[in-house]
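Heads up: the structure comes next, in structure tokens.
Below, chains carry the letters A, B, ... as their sequence lines are ordered, and counting in each starts from 1.
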Amino acid sequence: MSIYDTLNKEQREAVFHTDGPVLILAGAGSGKTRVLTHRIAYLIEKCQINPWNIMAITFTNKAAGEMRERVDDLVGYGSESIWVATFHSTCVRILRRYADRIGFDNNFTIYDTDDQKTIMKEICKKLQIDTKMLKERTILGAVSSAKDELISPVEYDLNSIGDFTKLKISKAYMEYQSVLRKNNAMDFDDLIVKTIELFKNCPDVLKQYQEKFQYIMVDEYQDTNTAQFELIRLLAGGYRNLCVVGDDDQSIYKFRGANIRNILDFEKVYDDAFIVKLEQNYRSTSNVLEAANSVIRNNIGRKEKALWTDKEGGSSLHFRQFDYAYEEAEYIAFDVAKKKRELICDYKDCAVLFRTNAQARILEEQFVKAGIPYDVVGGVNFYSRKEIKDLLAYLKTIDNGKDDVAVKRIINVPKRGIGATTIVRVQEYADSRNISFYDALKEADQIMTIGKSASKLKPFVDMIQIFRSKLEFYGLKELIKDIIDTTGYVAQLEADNDEEAKARIENIDELISKIVSYEEEHEEATLSEFLEEVALVADIDGISKDNNKVLLMTLHSSKGLEFPHVYLAGMEDGIFPSYMTITSDDPAEVEEERRLAYVGITRAKEDLTLSCAKQRMIRGETQYNPVSRFVREIPGELLDNRLPVSKKREFEEYEEASYERAAFKQKPYAGVSRVNREQKPSGAFYSRISQSSQAEAVTSEGNPYQSIVKPKAVVTKPTTNASVKPFIAKQDQLSNIAGISKGAPSVSGTLSYGEGDRVKHIKFGEGTVKAIVEEPRDYQITVEFDDYGTKKMLAAFAKLQKIE
DNA sequence: CGTACTAGTCTTTTT
DNA sequence: GACTAGTACG
């Protein structure tokens, strides 16, 4: 009995076909990690390939660690010499050795999003770019996309001719790259781009890595971008033993430059590619799988696949709709507690997935309330907290004096009486001499323009110099403690003595212990390496399986994971799919959301609950959203509750619950008197909704997916009319929801069109305005559409555009 | 130079 | 709603 006997036929083919280009199309849950690990084992064990000649690229460090572990379990030796890493850490490792060949120091700094923004802000000032018209964010986005596509500043410039905005971006891009170079820094995208540059400029270096990586495997191939593909193509150029694994249906990072063509056109680039499809799903029950299939089927641009399973049936999928978002969260917490209580599963078997990070908060509140242990993946990254960034900036300054961003961040933290003016003067001096900011500081007494402030700069420079020289003798742990003591950073926080300061001190302690454990794991731990590891951690990397906690995370973070019990929260059109993609005129955007839905559904092994709320607070505004189209795409017979949930029955379950909710019991649901009371809409408001829902019923069949942002003014004026029970009784059919959830219109000042004007509607196309009737808060517009006939609609919903 | 308040922005997703 | 950048004032 060999370890390969447990594989199915296709999996074995994928494992045994070791030479030449291979494309493995691996559906969700089809055992692709198993294939990859067995393939590595096979290479080492049966083909006598040295572990150090094998490379595996994964999407996250966590995946890399797990892969190494599993290979270790299979082979028992050598796994530590396999190169298993993400694209980014692969590139950093290469660049740390050879960056000097392309004009950087080998101890270059890696800039995160914050650093990028800081730099871009300065550039905009310098180039006199009006950031009201063209935001730093937008420029950085454009720059990043250009890098993903391997478009250099010069090429970008050539492509910008005649386009005013693009020309500005081009100038900024050019300047941005030169600042980065000057600061001896690279951003995330540069790590890939510069490695390619290195390979193209130094064939000897490329040759060396081509020799090393005789067998290359790439996981999550559908999410690679053009630059990453080029990198792989170069590396595999010697032996051509390139095996990529992916699933076009799970491509969810287009916004980050992922090029789906990489997987769809693999056979064109490598015409001798061996292709194998893994279609048997080992993860989920057939109900879950059928739901996933029926959703993804609605996408047009995909390779046809038929995932199947022999796990017949399983429990049906659950669907629940609630009036308020907090009720939804409360239900999920309650349901998890119930499952735990009834020994159906443990906390760690459950995960709650949602579209946006912001949705985590309301869930957290209810989990705390219910006393359920949970972890939130992502959100505010540990390393992007102020206090952590400050201390890291000290480390960066000590490590790389050319990193102006880091130096400027800490030059006056804690306060040393060094102000903005002084910093500007020093920068001017540095610019005139063409030296770094830090080097300019060293010559403070030469800078005539700063006068007395020079005396404040000297102690700072001395302090940094002393740290540097001490680093020869002590380790990173001593260094960080020395920094904290010398600067009095923690001492000042202690003086503040409030909750926030306490939390910050805790974070700093956490940082210290991270440094300590880093030093324990790495014998020759260097500052540069530590900073690099810190720069490249993903949110998901920190999650440990050993904790018995419910995991809360975005759908994106959930990729590659699986859980027996999965909750998909916020299944509303406008949330998921997001408002942005619904209103976009590119249908491919909704397709990407649908793939995300597919990823979410296929995370579930046994049990899947989909939920949504009719009313939800988003960025301080109350939204009314219809049930997600993705829920509607699931055949009704798979769901246990196709109808909106009966409030009464739900409530009885609450009553039975063993944990106390005394306050709640006294006022069951009437008036929704707990959380959000101040946001509770008035009775008048609700009758208004019903009204509009009836008015909308005429038009809703063509356009049921519209999410509406309701004007604040209406919501924030609560009346104490607690007896109003919002339209629950009316909601006996899912199809009604779309109409009802239209909500109230926003108060539009004036209309940009009048009777007789030609207008355009996002869904119905062009038409002529026939009538405009004024309503209390809006206008009812009658439009005769060229292709859809006459429709009545409210101006605030219809978003009609006048055609000139 | 440092602080406190205000106004504006944001978020869809992240290595 | 939360955070941040910008401004006015001490």
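Between the C1' atom of B:dC10 and the CD atom of A:Gln623 lies a distance of 13 Å, rounded to the nearest Å. Between the CG atom of A:Asp114 and the P atom of C:dA5 there is a distance of 8 Å, given to the nearest Å. Distance, A:Tyr579 OH to B:dC10 C1': 16 Å, rounded to whole Å. Straight-line distance from the OH atom of A:Tyr253 to the C1' atom of B:dT14: 6 Å, rounded to whole Å. A:Tyr111 places its OH atom 21 Å from the C1' atom of B:dT14, with the value rounded to the nearest Å. In this entry the distance linking CG of A:Leu457 with P of B:dC1 reads 10 Å, nearest Å. The distance between atom CD1 of A:Ile618 and atom C1' of C:dC3, rounded to the nearest whole Å, is 17 Å. For the pair A:Asp190 CG and B:dT15 P, the computed distance is 18 Å after rounding to whole Å.
Among the nucleotides B:dT14, B:dT15, B:dT11, the one closest to any side-chain atom of A:Arg137 is B:dT11. When each of B:dT13, C:dA5, B:dT15 is scored by its nearest atom to the side-chain atoms of A:Asn357, the top-ranked nucleotide is B:dT13. Picking from C:dG1, B:dT15, B:dT9 the nucleotide with the shortest atom distance to the side chain of A:Arg619 gives C:dG1. The side chain of A:Lys415 sits closest to B:dT3 out of B:dT15, B:dT3, C:dG1. When distances run from any side-chain atom of A:Arg256 to the nucleotides C:dG1, B:dC10, B:dT15, the shortest one goes to B:dT15. Side chain of A:Thr422, nearest nucleotide from B:dT9, B:dT14, B:dC1: B:dC1. For A:Thr421, the listed nucleotide lying nearest its side chain is B:dC1; candidates were C:dA5, B:dC1, B:dT13.
The side chain of A:Lys559 places no N or O atom within less than 4.0 Å of a non-bridging phosphate oxygen (OP1 or OP2) of B:dT14. Residue A:Ser578 places none of its side-chain N or O atoms closer than 4.0 Å to OP1 or OP2 of B:dT11.
Stacking here means ring centres nearer than 5.5 Å and ring planes tilted less than 30 degrees, and by that measure A:Phe87 does not stack onto B:dT15.
Looking at heavy-atom distances under 4.0 Å, A:Ser557 makes contact with sugar-phosphate atoms alone, never a base. Note on A:Glu593: a base of the nucleic acid sits closer than 4.0 angstrom, heavy atoms only. Within the 4.0 angstrom heavy-atom criterion, only backbone atoms of the sugar-phosphate kind lie near A:Lys121; the bases stay farther away.
In A:Lys117, the NZ atom is not crowded: 12 or fewer heavy atoms of neighbouring residues, nucleotides or ligands sit closer than 6.0 Å.
Using a 30° and 60° split on the angle between ring planes, A:Tyr209 and A:Phe199 fall in the tilted class, from 30° to 60°.
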Donor-acceptor pairs under 3.5 angstrom involving side-chain atoms of residues 118-138 of chain A: please list them, not counting sequence neighbours.
unit_1   : atom_1 : unit_2   : atom_2 : d
A:Thr118 : OG1    : A:Asp114 : O      : 2.9
A:Lys126 : NZ     : A:Glu175 : OE2    : 2.8
A:Asp130 : OD1    : A:Lys132 : N      : 3.0

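Between A:Lys132 and A:Asn412, it is A:Asn412 whose nearest contact on DNA chain B lies nearer the 5' terminus. A residue-by-residue look at A:Met580 and A:Val537 shows that A:Met580 has its nearest nucleotide of DNA chain B further toward the 5' end.
Remark: the A:Thr226 side chain and the A:Asn259 side chain contain an N/O donor-acceptor pair separated by less than 3.5 Å.
A cation-pi arrangement is present between A:Lys559 and A:Phe59, with the terminal nitrogen or guanidinium carbon under 6.0 Å from the aromatic centre and inside a 45° cone about the axis. Annotation: cation-pi pair A:Lys194/A:Phe108 absent, no NZ/CZ under 6.0 Å from the ring centroid and within 45° of its normal.
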